[in-house]
Amino acid sequence: MKITLLQTDIKWCSPEENLARAEELILGAEKSDIYILPEMFTTGFCMKPTEITEPVGGVAFEWMMQMAKRMDAAIVGSVAVEDGGKYYNRMYFCKPDGEVEVYDKHHLFSFSGEDKVYTAGVERKVVEFRGVKILLLICYDLRFPVFSRNRNDYELIICVANWPRVRRYPWCTLAKARAIENLCYVAAVNRGGTDEWGDYSGDTMLIDPYGQPVAECKEGVEDVVTASIDLELITNFRNKFPALNDADDFILK
């Protein structure tokens, strides 16, 4: 499976501009099975949901669905959404056949007050696309290994983010740790550039099950990379080193 990671420089609270740029980057990228955009890729990480959220089935959602069909690929990214009078940081996984999977961010970033204005999702979400099982995470979720623990139910983690440069080391370290401990690939897609919150180093990368980056975007700037994941590599590694079989039992509450 070929995956394109889009490290966009998100223009603050400007959905039209961000959608146009995302489309331009996707069309200019290598042909892929999945195209991944950052967290809140249409607005930036804005804590004023009354000003930026779109309704269910809004403009960004429709654009993602149209692009999925046009590219014969999945389009993935998170958008601020109003649903039933509540606001969500919602990831859409839009498939070319018109099916869509939804994941609402579970761990809201209390440091920024995200938990005061958005509603946390309650469902851990694994989707399947073209023979690959994929766990969906958004930004702060990356810090919580129990939530993302592999139960032998996925081969790839997609984590989209607005993770600032000041916490660059944790972003890179945690993304690699999730790959190592879960014997899986991790597509860690962060934004680049600057906004009202500060500066972003990006550090967008595809990481293999050994914790090694196989593709990386340039530091801090808008960039796009494409790489492939190898399911046979995962199968062989897990057969030789069956660490997932020795994992502790647990129940999420």
Side-chain angles (χ1 to χ4, degrees), residues 1-10 15-43 54-81 90-104 125-138 153-161 184-192 202 204-209 213-217 222-235:
M1 173 177 281
K2 188 174 285 189
I3 301 174
T4 290
L5 315 179
L6 297 118
Q7 181 173 286
T8 60
D9 182 359
I10 302 169
E16 184 176 348
E17 189 174 4
N18 290 316
L19 287 173
R21 182 57 178 157
E23 183 167 336
E24 183 179 5
L25 292 172
I26 289 172
L27 293 176
E30 290 186 41
K31 185 70 178 73
S32 297
D33 296 288
I34 304 177
Y35 298 86
I36 309 172
L37 292 151
E39 177 185 24
M40 289 193 181
F41 74 93
T42 62
T43 60
E54 69 173 40
V56 174
V59 173
F61 172 79
E62 287 297 325
W63 174 84
M64 293 175 75
M65 294 297 288
Q66 291 169 11
M67 287 298 295
K69 183 177 181 180
R70 180 178 181 182
M71 303 303 295
D72 186 29
I75 306 294
V76 186
S78 96
V79 180
V81 175
R90 177 165 291 176
M91 183 189 286
Y92 290 122
F93 191 106
C94 298
K95 303 179 183 181
D97 63 0
E99 182 184 0
V100 60
E101 303 275 7
V102 172
Y103 167 66
D104 292 326
K125 190 74 171 184
V126 175
V127 306
E128 186 166 357
F129 184 64
R130 293 182 178 169
V132 179
K133 294 184 287 295
I134 305 164
L135 176 71
L136 305 182
L137 300 178
I138 302 176
D153 60 348
Y154 66 81
E155 294 92 19
L156 168 66
I157 293 173
I158 291 178
C159 182
V160 303
C184 70
Y185 284 91
V186 173
V189 180
N190 192 25
R191 66 156 296 170
T204 292
M205 53 190 158
L206 180 66
I207 306 162
D208 72 16
V214 297
E216 300 177 82
C217 285
E222 189 170 77
D223 195 22
V224 178
V225 294
T226 301
S228 296
I229 66 170
D230 183 351
L231 290 184
E232 186 176 356
L233 181 151
I234 293 177
T235 299

Separation of [Y] [atom2] from [X] [atom1] (nearest 0.5 Å):
X: Cys94; Y: Gln66; atom1: SG; atom2: CD; result: 10.5 Å
X: Leu19; Y: Glu17; atom1: CG; atom2: CD; result: 10.5 Å
X: Ile34; Y: Phe93; atom1: CD1; atom2: CZ; result: 4.0 Å
X: Lys69; Y: Asp97; atom1: NZ; atom2: CG; result: 11.0 Å
X: Ile207; Y: Ile157; atom1: CD1; atom2: CD1; result: 9.0 Å

Short question: side chain of [X], backbone of [Y] - any donor-acceptor pair under 3.5 Å?
X: Glu54; Y: Ala60; result: yes
X: Gln7; Y: Gly192; result: no
X: Asn190; Y: Thr204; result: no
X: Ser78; Y: Met40; result: yes

| request: Any chance you could lay out the side chain to side chain contact (heavy atoms under 4.5 Å, CB included) test for Phe41 and Leu6, step after step, and finish with the verdict? | output: CA-CA 10 Å; Phe41 74 93; Leu6 297 118; over 6 Å; no
Please give me the minimum heavy-atom distance between [X] and [Y], naming the atom from each residue.
X: Val79; Y: Met64; result: CG2-SD, 4.4 Å
X: Tyr154; Y: Ile134; result: CB-N, 4.2 Å
X: Leu206; Y: Leu5; result: N-CD1, 3.6 Å

| query | Yes or no on side chain to side chain contact (heavy atoms under 4.5 Å, CB included) for Ile3 and Leu156, after CA distance, side-chain angles and deciding distance? | reply | CA-CA 11 Å; Ile3 301 174; Leu156 168 66; 3.7 Å; yes
[Y] and [X], any side-chain heavy atoms less than 4.5 Å apart:
X: Val81; Y: Val56; value: yes
X: Val102; Y: Tyr92; value: yes
X: Lys133; Y: Cys184; value: no
X: Met67; Y: Ile26; value: yes
X: Pro38; Y: Ile10; value: yes
X: Ile36; Y: Val160; value: yes
X: Met1; Y: Glu155; value: no
X: Thr4; Y: Val224; value: yes

| query | Between the side chains of Glu30 and Thr226, does any donor sit under 3.5 Å from an acceptor? | reply |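 The answer is no; no qualifying pair exists.
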| task | Kindly write out the residues that satisfy salt bridge (Lys or Arg N to Asp or Glu O under 4.0 Å) with Glu101, not counting sequence neighbours, or none if the list is empty. | result |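 Checked Glu101 against salt bridge (Lys or Arg N to Asp or Glu O under 4.0 Å); matches are Lys95, Lys125.
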| query | Step by step, would you call Tyr185 with Leu233 a side chain to side chain contact (heavy atoms under 4.5 Å, CB included)? | reply | CA-CA 10 Å; Tyr185 284 91; Leu233 181 151; 4.1 Å; yes
| message | I'd like to know if Arg90 and Asp104 make a salt bridge, using a cut-off of under 4.0 Å between side-chain N and carboxylate O. | response |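 Yes.
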| Derivation of the side chain to side chain contact (heavy atoms under 4.5 Å, CB included) call for Val76 and Met91 | CA-CA 7 Å; Val76 186; Met91 183 189 286; 3.9 Å; yes
